[in-house]
Q: 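The structure that follows is given in the form of structure tokens.
Residue numbering restarts at 1 for every chain, and letters A, B, ... go by the order of the sequence lines.
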There are 2 protein chains.
Amino acid sequence: MILRLDMASDVPIYQQIRNQIVLGIGTGALAPGESLPTVRQLAESTGVNSMTVNKAYALLKSEGYILIDRRNGAKVRPQPSDGVPGPELLHRLELLAAEAAAQGISRETFLSACRGAAEKMRAKGGN
Amino acid sequence: MILRLDMASDVPIYQQIRNQIVLGIGTGALAPGESLPTVRQLAESTGVNSMTVNKAYALLKSEGYILIDRRNGAKVRPQPSDGVPGPELLHRLELLAAEAAAQGISRETFLSACRGAAEKMRAKGGN
DNA sequence: TTATTTGTATTATATTATATCATACAAACA
DNA sequence: TGTTTGTATGATATAATATAATACAAATAA
């Protein structure tokens, strides 16, 4: 799991870390139950402060993406429960759709992009 | 066009203004060529500083969503050119798909949500 | 037990982003 | 000539972000 952090980005570093780990989980690059690097390891390898990494881990934990047992460090949450998209995700999806529409992107082109994104994700169960 | 601003949100006010106008354009609530309120009017009606509104308008202008002629104020850009989703939009779409997948949301459920969002947008041309 | 490593909490500091406020200006129009 | 438009400027206050230096409880290995 290699993280690419852009220090010049307007996206906060802890958010970049969080996003890339979520991408890793979503695509299957990070398997359920797999161990993440320790806070200090990741801080060392990326040249970022420990507390910044800790903030990303705390966020991932609060969002339910990872589990933490005191000693063994962080692990990808095994067997995430099935469910429906939450309101926050739906809201962001709607904004994306609106941006596409306002840019003159056709409905079908947008949905094609959605399918393209979905197909990059790990297949799970019968889906 | 009524804006709902959440002062307690972590999303900057100028971003909330920008997002809701983009949503308005995308859904068709704001028609191409339609005039937006003046900077000072919108600042007055929302109780927000003029420069904050101006920042939102400048952003919308730089993104190509609105046009501004010096005297008549801001208007929704007429006839946005057709095209394909840009890399920034694709990246955000991919992150959304990853979050859904990592939450155990099936591919089909995610795509169903995508269709739901797309159907809220204005139909244009043959799409 | 002791020692080490884990995530995490604490406090301080520096930098940047955000928002407000008070003005001011050029351009366009009546 | 006025008036209104978007916009620029500078000052200020607050919050978010990142780094830094420690420290602590819990869990593991020695």
Q: Give the C-alpha distance, both sets of side-chain angles, the deciding distance and a yes or no for side chain to side chain contact (heavy atoms under 4.5 Å, CB included) between A/E99 and B/E63.
A: CA-CA 10 Å; A/E99 291 182 16; B/E63 291 177 321; over 6 Å; no

Q: Would you mind reporting whether B/L59 and B/Y14 have side-chain heavy atoms less than 4.5 Å apart?
A: yes

Q: A/N72 CG to D/dA29 C1': how many Å, rounded?
A: 12 Å

Q: Does the side chain of B/L42 come within less than 4.5 Å of B/L36's, by heavy atoms?
A: no

Q: Rounded to the nearest Å, what distance is computed from the CZ atom of residue A/R40 to the C1' atom of nucleotide D/dA21?
A: 12 Å

Q: Please tabulate, one pair per line, all N/O donor-acceptor pairs under 3.5 Å involving side-chain atoms of residues 48-58 of chain B, not counting sequence neighbours.
A:
residue	atom	partner	partner atom	Å
B/N49	OD1	B/M51	N	2.9
B/Y57	OH	B/P37	O	2.6

Q: Do the side chains of B/R107 and A/R115 get nearer than 4.5 Å, heavy atoms only?
A: no

Q: Look at A/R92 together with A/E88 and state whether they make a salt bridge at an N to O cut-off of under 4.0 Å.
A: yes

Q: Take atom CD in A/Q15; do more than 12 heavy atoms of anything else shown fall under 6.0 Å from it?
A: yes

Q: Please report, rounded to the nearest Å, how far the P atom of D/dA18 is from the CG atom of A/L5.
A: 10 Å

Q: Whether B/K61 contacts D/dT7 is assessed here as follows: a side-chain N or O lying under 4.0 Å from the phosphate OP1 or OP2. Is that the case?
A: yes

Q: Separation of A/R70 atom CZ from D/dA27 atom P, in whole Å?
A: 8 Å

Q: Could you say whether B/G47 or B/D69 is positioned toward the 5' end of DNA chain C, judged by the nucleotide with the nearest heavy atom to each?
A: B/G47

Q: Looking at DNA chain D, which of residues 11-22 of chain B put a heavy atom within less than 4.0 Å of it?
A: none

Q: By a strict heavy-atom criterion of less than 4.0 Å, which residues belonging to residues 51-60 of chain B are in contact with DNA chain C?
A: B/M51, B/T52, B/K55

Q: Which whole-number value in Å describes the distance from B/D10 CG to C/dA17 C1'?
A: 13 Å

Q: Expressed in angstrom and rounded to an integer, what is the separation of A/N49 atom CG from C/dT11 atom C1'?
A: 13 Å

Q: Does any part of the side chain of A/R77, heavy atoms only, come nearer than 4.5 Å to the side chain of A/I66, both counted from C-beta?
A: no

Q: Separation of A/K75 atom NZ from C/dT6 atom P, in whole Å?
A: 12 Å

Q: Taking the side chain as every heavy atom from C-beta outward, state whether B/L96 and B/C114 have any atom pair closer than 4.5 Å.
A: no

Q: Nearest-Å distance, CG (A/L67) to P (C/dT8)?
A: 12 Å

